[in-house]
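Working notes, structure below.
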There are 2 protein chains.
Amino acid sequence: MIRALLVDDHQLFGEGVRSMFKPNDGIEIVKITTNGNNVPSILSEIEVDMILMDISMPLIDGVGVLELMKSKGLDVPVLMLTMHQDMKYIRKSLETGAQGYILKDASKAELTEAIEKVSRRENYFHPKINNQIFDYLRGTKNPSQGDLVDQLSDREKEIIGCIGKGMNSKAIAEALFISEHTVKTHRRNIMHKLAVKNTAELVTYSMEKGII
Amino acid sequence: MIRALLVDDHQLFGEGVRSMFKPNDGIEIVKITTNGNNVPSILSEIEVDMILMDISMPLIDGVGVLELMKSKGLDVPVLMLTMHQDMKYIRKSLETGAQGYILKDASKAELTEAIEKVSRRENYFHPKINNQIFDYLRGTKNPSQGDLVDQLSDREKEIIGCIGKGMNSKAIAEALFISEHTVKTHRRNIMHKLAVKNTAELVTYSMEKGII
DNA sequence: TTCACGATACCACTTTAGGGGTATGCGCTC
DNA sequence: GAGCGCATACCCCTAAAGTGGTATCGTGAA
């Protein structure tokens with residue numbers, strides 16, 4: 001029986017995955033937490049064979065939890081379980097030490113296989129992202145030739161999200177508790193980084209790249 | 001026993017939710033489909049009391065499935081089950097006739113309550129989005145039925161395409177061999193028809209609707 | 001310990017968008 | 001033939017975006 005810890009902010013998803021595994025599947029979700037910050041204390045209390053981790057979570061994201069674990073010397077294999085098919089997330093996860101990467105639209109059989117492999121400290125990649133892995137490995141001859149989107153900071157992406165919702169600089173400033181000047185500076189930097197002429201093109205580009 | 005059909009492209013989520021409901025919960029997911037286009041044929045084969053529907057799906061989105069059902073005269077209460085907290089999605093869902101709206105980070109208890117209410121053709125809204133519903137109802141005296149995009153003329157869609165490419169009014173005027181004044185008039189009319197505040201929101205909305 | 005970067009903030013300025021009108025000609029329909 | 005939607009075009013004006021700088025502070029890397 002593989003004992004797994006699930007880290008996901010979506011309660012429904014978590015309870016769903018837990019109920020999905022029957023005793024004879026050989027897998028048991030022994031604990032679910034919606035807050036990645038609790039992972040170290042949980043690991044000190046109970047013993048698990050692997051961790052199933054969502055990437056996008058509000059308080060601390062999956063990569064952040066991986067870093068937190070590493071800083072505390074916690075060595076438990078982690079399977080990233082996410083909707084993001086972007087190379088950005090995959091790369092970040094692998095760089096930070098994830099053992100595998102699977103998409104949320106995987107089947108139960110695929111998830112079972114992934115959990116088994118990761119718990120044995122083998123790598124697992126979902127078939128859907130294999131091509132991207134190859135493309136990425138082929139493309140890493142020239143690291144500067146990355147995606148323009150990768151140059152954006154988290155704050156800048158946050159600003160982009162607000163812009164897409166139709167908020168103007170003043171509204172964004174109030175929402176983020178910063179000055180309107182700062183928002184305008186961010187907008188300028190974003191436009192330079194993405195090499196776009198105006199807000200319309202910025203929104204188009206960002207939506208195509210999945211930032212919005 | 002409430003018999004539910006689940007429409008979600010994320011297999012894991014679907015199987016998870018299905019396993020979550022035990023016989024004594026009074027709810028059974030009798031069928032899961034990852035393709036919304038199959039909903040009409042499924043409804044003709046099996047009998048269900050309600051439909052649990054994800055909004056963002058690749059082949060046809062949740063709102064599209066609702067429209068498809070309506071066009072075929074299929075009258076089964078639908079609970080939208082999604083991650084999107086945006087009023088835009090909520091509005092579209094309600095306009096197209098969804099009976100309820102719940103977020104994917106809801107608890108099992110909340111989902112159970114929602115399914116029960118919707119199967120009785122009562123409305124259900126997740127507590128987290130109640131405020132947005134109120135704001136919406138306050139702001140909309142005139143509930144416009146039908147899709148806003150349908151009101152756009154071909155010329156207006158052409159203008160929208162240019163805006164999305166980052167062209168300003170002057171550039172659009174030159175490209176279409178018309179006056180800049182005319183372009184500005186078009187932009188104004190477009191924004192009124194789509195009920196958006198500015199160009200950024202216009203682009204976001206248009207891309208979601210597939211105009212761009 | 002520098003040094004780079006991100007987030008913050010401000011000034012001054014030009015260009016563009018956005019909102020209020022009004023108007024004409026064309027094609028279609030009732 | 002009167003009305004309607006659409007594309008066209010112009011006026012005036014305000015608000016916002018966009019461009020050119022500069023600058024402080026904290027953090028983390030070299």
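Here is how names work: the chains are called A, B, and so on, in the same order as the sequence lines, proteins then strands, and each is numbered from 1. We use all heavy atoms of the structure for the numbers below, so side chains are in, but hydrogens, waters and symmetry mates are not.
When the P atom of D/dC25 is taken as reference, atom NE2 of A/His181 falls 18 Å away, rounded to whole Å. When rounded to the nearest whole Å, the span between NE2 of A/His186 and P of D/dA16 equals 20 Å.
Here A/Ser169 lies in heavy-atom contact (under 4.0 Å) with sugar-phosphate atoms only. B/Lys193 comes within contact range of the sugar-phosphate backbone alone, with a heavy-atom separation under 4.0 Å but no base atom that close. Among the atoms of the strands shown, base atoms are found under 4.0 Å from some heavy atom of A/Thr182. Using a 4.0 Å heavy-atom cutoff across all strands shown, A/Ser153 reaches sugar-phosphate atoms only and no base atom. Here B/Asn198 lies in heavy-atom contact (under 4.0 Å) with sugar-phosphate atoms only.
Under 3.5 Å, the side chain of A/Lys170 and the base of D/dA16 form no donor-acceptor pair of N or O atoms. One donor-acceptor pair, N or O on each side, does fall under 3.5 Å between the base of D/dG20 and the side chain of A/Arg188.
The main-chain N or O of A/Lys197 is found under 3.5 Å from a side-chain atom of A/Glu201 such that the two form a donor-acceptor pair.
The minimum heavy-atom distance between A/Met50 and A/Ile2, with the atom names listed, is CG-CG2, 4.1 Å.
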Exercise for review: Start with the C-alpha distance between A/Arg187 and A/Thr199, add both sets of side-chain angles, then the distance that settles side chain to side chain donor-acceptor pair (under 3.5 Å), and finish with yes or no.
Suggested key: CA-CA 9 Å; A/Arg187 294 182 81 132; A/Thr199 303; 3.2 Å; yes
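Remark: of the listed residues B/Val39, B/Leu5, B/Val48, B/Val48 is the sole one forming a side-chain contact (heavy atoms from CB on, under 4.5 Å) with B/Val76.
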